[in-house]
Each structure stands twice: as structure tokens, then as C-alpha cells.
Asker: 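Below is one structure. I have some questions about it.
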Amino acid sequence: KIDAMGNILWDRIVGGNMLDQVWTGTATSDGGVVALGWTGSNDGDVSNWYGLYDIWMVKLNSEGTIVADKSLGTSSFDWGVAIVETNDGGFLLGGGSGIGTGGNIICEPYGSDYSDAVLFKLDVDLNIEWQRCYGGTDDDVVSGMLEVEDGYILLIGTYSNDGDVSGWHGGSDIWVVKIDFDGNILWQNCLGGSFNESSQIIFRLGNDNIMIIGSTESQDGDVVGNHSQSEYSNDIWLVKLNGEGDLLWQQCIGGLGNEETRFGAIKKSDTDFVIAGQFNKGPSFDVGCVPFGLYADMPDVWLFEVKDTTTFVTDYEAFPENKLKVYPNPARDYVLFESKKVPFSGKITIMDVFGKEVKRLKVKAKKTVWDTREVRSGVYFYRVEIEGETVSGKIVVQ
């Protein structure tokens with residue numbers, strides 16, 4: 001733990017005589033922290049061990065003292081990946097399990113050779129209230145989660161095309177599942193294409209919408225606009241769903257090489273996100289820098305901010321007097337740039353994903369029309385300059 005100036009207040013090493021891996025964690029309402037991962041140890045800070053690797057969580061108080069730990073496992077490999085503190089003071093945690101013998105993971109495995117996605121609801125004292133397994137006959141693992149008013153929304157990485165899973169595209173899909181407070185499935189949606197998609201980052205937005213930030217190798221299915229040249233390279237992938245799990249829009253961000261969300265993201269607002277990822281093998285269309293590495297295969301950290309311009313809030317806030325509105329988006333034959341107050345003057349610049357100007361429009365009325373039939377389908381960016389102020393956004397032409 002560090003203070004606001006970066007000075008160490010306390011530090012703690014936890015574990016035992018074998019490999020102990022912290023994968024994630026969460027701050028707790030009592031000022032402490034819970035770390036989640038897996039352990040191969042049968043001594044030290046590990047109270048129980050069931051074989052190979054177990055899901056292991058350890059709870060520290062505000063002074064860094066261990067107050068409790070919990071092992072969840074079988075004789076097989078079991079690992080923890082995602083955790084949230086629930087409104088009742090307990091915890092919801094998930095991961096994957098080979099569902100071996102013994103231990104305290106109790107469910108009928110879908111496939112004997114692969115992992116199932118496992119989910120546990122613990123009370124404030126870390127007692128198991130209920131547990132569930134989800135997935136099919138291939139590999140499945142819970143990778144992210146959040147709590148909503150009427151249940152929980154899970155991110156599950158799935159290779160399965162049977163069992164609980166429907167709508168699988170191929171490779172590894174991001175399987176979004178909403179459950180009630182007892183773990184029963186309310187709705188589900190598989191997101192992805194023919195190759196691999198993954199995500200551990202999910203945010204709740206207004207109007208019950210959710211934002212998922214992950215990575216994609218695909219060029220088909222739900223994925224449109226992947227810049228990668230190889231099916232083994234990723235773009236960073238943003239997906240927005242409504243409260244029923246329907247896809248509202250998706251956006252690929254990256255270049256010709258491999259870009260991934262390795263280090264997390266922060267929600268600044270319902271329309272503004274900061275993402276910490278990595279990239280290599282430039283040039284990259286959306287990466288505004290060149291690799292520092294001597295070799296192209298060595299990744300650099302890539303930090304950037306994105307804004308959801310499919311809503312009109314950004315434009316209204318940018319020009320509170322002029323009330324600029326840009327629609328329809330996605331567009332087919334035309335885009336309207338409309339002022340809701342009085343006629344205004346200025347200019348509109350349209351650019352492609354390479355930053356090349358493709359159109360410049362003079363604004364002399366309430367409505368200015370851009371005929372999109374003159375350009376190819378794809379992603380374009382607009383910049384509107386009015387009376388010394390500038391607002392920019394994205395338009396998808398289909």
C-alpha cells in the first residue's frame with residue numbers, strides 16, 4: 001500500500017512452499033483488500049489445499065494483516081480469475097476448474113478433458129452460499145463480472161458449442177451471461193468470430209447498458225474493422241450491449257500487428273474510457289507512436305483514451321449553445337450535421353482511419369449533409385470547427 005506521494009505504507013508477501021499466483025483483487029468496503037488467484041502450496045498462509053492448484057483468495061485488513069483465506073479446489077487444476085465484493089458484504093468469485101475428485105467444488109463436469117467455468121457466492125465470513133458450473137464440453141472460464149440490481153453479469157471465455165452455450169462463432173468467444181442472485185441464467189450472448197476473443201473488463205453504464213473491453217483475432221462474425229494482418233494477431237475490441245444483452249455497436253482499435261488489453265481500463269464516464277494495453281509490429285493505424293523496442297516482436301505499453309461518439313451527449317456538451325447533433329450513425333447514404341439552435345458557420349473535416357482527409361464541408365445552415373455514397377464502407381472521423389471551438393467524433397459507414 002502506498003500513499004498519494006508513492007511512499008510505501010506497508011507491504012505483504014502471501015503464500016507457501018510452492019507457486020502462488022495473484023491474478024486479480026478488489027478493495028473492500030471495510031478498507032481492506034482481497035487478492036484472488038491460485039496456489040500449489042500446502043503450508044504457510046494457505047489453510048487448505050486439495051491438490052495440484054486450487055483457487056485461493058486471501059483477505060487483508062487496512063493494515064495489511066491477513067484476516068482470512070479461502071481455498072476452492074479439487075484434485076485437478078483450479079484457478080481464480082475474477083472477483084467482486086457484493087452489496088451484502090460477501091463476494092462473488094469465478095474462474096476455471098478441471099473438476100477433479102475431492103475438495104469443495106461440487107458439480108457435474110460437462111467434459112472430462114477440459115475446464116468448466118466455476119462461480120461461487122461467499123458470505124461475509126467466506127462461507128459458500130452457493131456454487132455453479134457453466135459451459136460445455138470444451139474449455140470455459142469465468143473472466144469478469146459485475147453486480148446489477150437483479151443479479152450479476154458474467155464474462156466467460158468459451159470454446160464450447162454445446163451445454164449452456166448457444167451462438168458460438170468459433171475459437172474462443174466472449175460469452176456474456178446474466179444470472180439472477182441464485183445463479184440461474186436469465187440471458188446469454190456469445191460475442192466473437194472464427195478465431196479467438198477474450199476479455200476480463202466489463203463496465204456498467206447508464207440505461208442498463210454495459211461496455212466490454214477485450215481483444216479479437218477475428219475478421220468476421222460480430223467483429224468488423226479488425227486491422228490485423230494475421231489471425232494470430234489481436235486488435236483491442238470494444239463492445240457495447242444493452243440491458244438485454246443485444247449488441248449495440250463494436251469497435252476495433254489497433255494496427256497491422258498485435259494489440260491487446262493487457263493491463264486494464266478505467267471508466268471516466270459512461271462515454272469516456274482510458275485503456276492500458278500493449279502493441280508491437282508497427283505501423284499501427286490507431287497507435288500514435290512507433291515501437292521503442294529494438295525488435296518488432298517486443299511489445300510496448302500503449303495507453304490511450306477513447307470516447308463513445310455514438311451518443312449525442314458529447315456533441316451537446318461541447319457546443320452547449322449550438323447543440324450539434326450528428327446522425328444517423330452508423331450511416332448508409334448520408335450523415336447530417338445539425339445545429340439545434342440557430343444557423344452557424346464553420347467547417348467539417350472528414351478523415352479516414354489513416355488520418356487522410358477525404359472530405360471538407362462548409363457549414364452555412366442548420367443542417368449540413370455529407371453524401372456517404374461517395375466513400376467505401378468503414379470507419380471515418382469528423383472534426384467540426386465552430387467559432388474557435390472544435391469537437392470530433394467517429395462515423396461508421398455501412
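For reference, positions follow the sequence shown, starting with 1. Since we're looking at a predicted model, the values are computed, not measured.
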Asker: Is there a ring pair (Phe, Tyr, Trp, His ring centres under 6.0 Å) between F77 and W79 once you walk through the steps?
Answerer: CA-CA 7 Å; F77 289 98; W79 60 100; 7.6 Å; no
Asker: Hey, is D308 close enough to K240 for a salt bridge, meaning N to O under 4.0 Å?
Answerer: yes
Asker: Decide, yes or no, whether a salt bridge links K1 with E63 under the criterion of side-chain N to carboxylate O below 4.0 Å.
Answerer: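 Answer for the salt bridge query: no.
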Asker: So I185 and D164, side-chain contact (heavy atoms from CB on, under 4.5 Å) or not? Walk me through it.
Answerer: CA-CA 9 Å; I185 295 177; D164 299 319; 4.2 Å; yes
Asker: Please determine, by modelled atom types, if E129 and N127 share a side-chain donor-acceptor pair under 3.5 angstrom.
Answerer: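 No, no side-chain donor-acceptor pair sits under 3.5 Å.
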Asker: Could you tell me which non-hydrogen atom of V142 sits nearest to which non-hydrogen atom of M145, and how far apart they are?
Answerer: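 It is CG1-CE, 3.8 Å.
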Asker: Is the closest basic N to carboxylate O distance between R204 and E147 below 4.0 Å?
Answerer: no
Asker: Specify whether F181 and Y152 have parallel, tilted or perpendicular ring planes, treating 30° as the upper limit for parallel and 60° as the lower limit for perpendicular.
Answerer: perpendicular
Asker: Is there side-chain contact between N61 and D30, with at least one heavy-atom pair below 4.5 Å?
Answerer: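 Of all side-chain heavy-atom pairs linking D30 with N61, none is under 4.5 Å.
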Asker: Please confirm whether Y327 and F337 have ring centers closer than 6.0 angstrom.
Answerer: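 Ring centroids of Y327 and F337 are no less than 6.0 Å from each other.
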Asker: Restricting to pairs with a member in residues 243-256, which pass salt bridge (charged side-chain N to carboxylate O under 4.0 Å, His left out), not counting sequence neighbours?
Answerer: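 Passing the test, one end in residues 243-256: no pairs.
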Asker: Is a donor on one side and an acceptor on the other found under 3.5 Å between the side chain of N329 and the backbone of A331?
Answerer: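 Absent.
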Asker: Taking ILVMFWY side chains as joined if any heavy atoms are under 4.5 angstrom apart, and letting links pass through other members, which residues group with I105?
Answerer: V34, L36, I55, M57, L72, I83, F91, L93, I99, V118, F120, L122, L126, I128
Asker: State whether a side-chain donor-acceptor pair under 3.5 Å links S47 with D69.
Answerer: yes
Asker: For E197 and T216, run side chain to side chain donor-acceptor pair (under 3.5 Å): C-alpha distance rounded to whole Å, both residues' side-chain angles, the deciding distance at 0.1 Å, then the answer.
Answerer: CA-CA 4 Å; E197 284 73 43; T216 179; 2.7 Å; yes
Asker: Go through W23 and W38 one step at a time and tell me if the ring pair (Phe, Tyr, Trp, His ring centres under 6.0 Å) criterion holds.
Answerer: CA-CA 8 Å; W23 186 259; W38 52 92; 5.7 Å; yes
Asker: Are L247 and M211 connected in a single hydrophobic cluster, I mean Ile/Leu/Val/Met/Phe/Trp/Tyr linked by side-chain heavy atoms less than 4.5 Å apart?
Answerer: no
Asker: Checking one residue: Y50. Which other hydrophobic residues are in its cluster under the side-chain 4.5 Å linking rule?
Answerer: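 Answer for Y50: none, a lone residue.
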Asker: Does D150 come within less than 4.0 Å of K178, counting only side-chain N to carboxylate O?
Answerer: yes
Asker: Strictly distance-based, threshold 3.5 Å: is any side-chain N or O of N226 a donor or acceptor partner for the main-chain N or O of S218?
Answerer: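 Side chain of N226 to backbone of S218, a donor-acceptor pair under 3.5 Å: yes, one is there.
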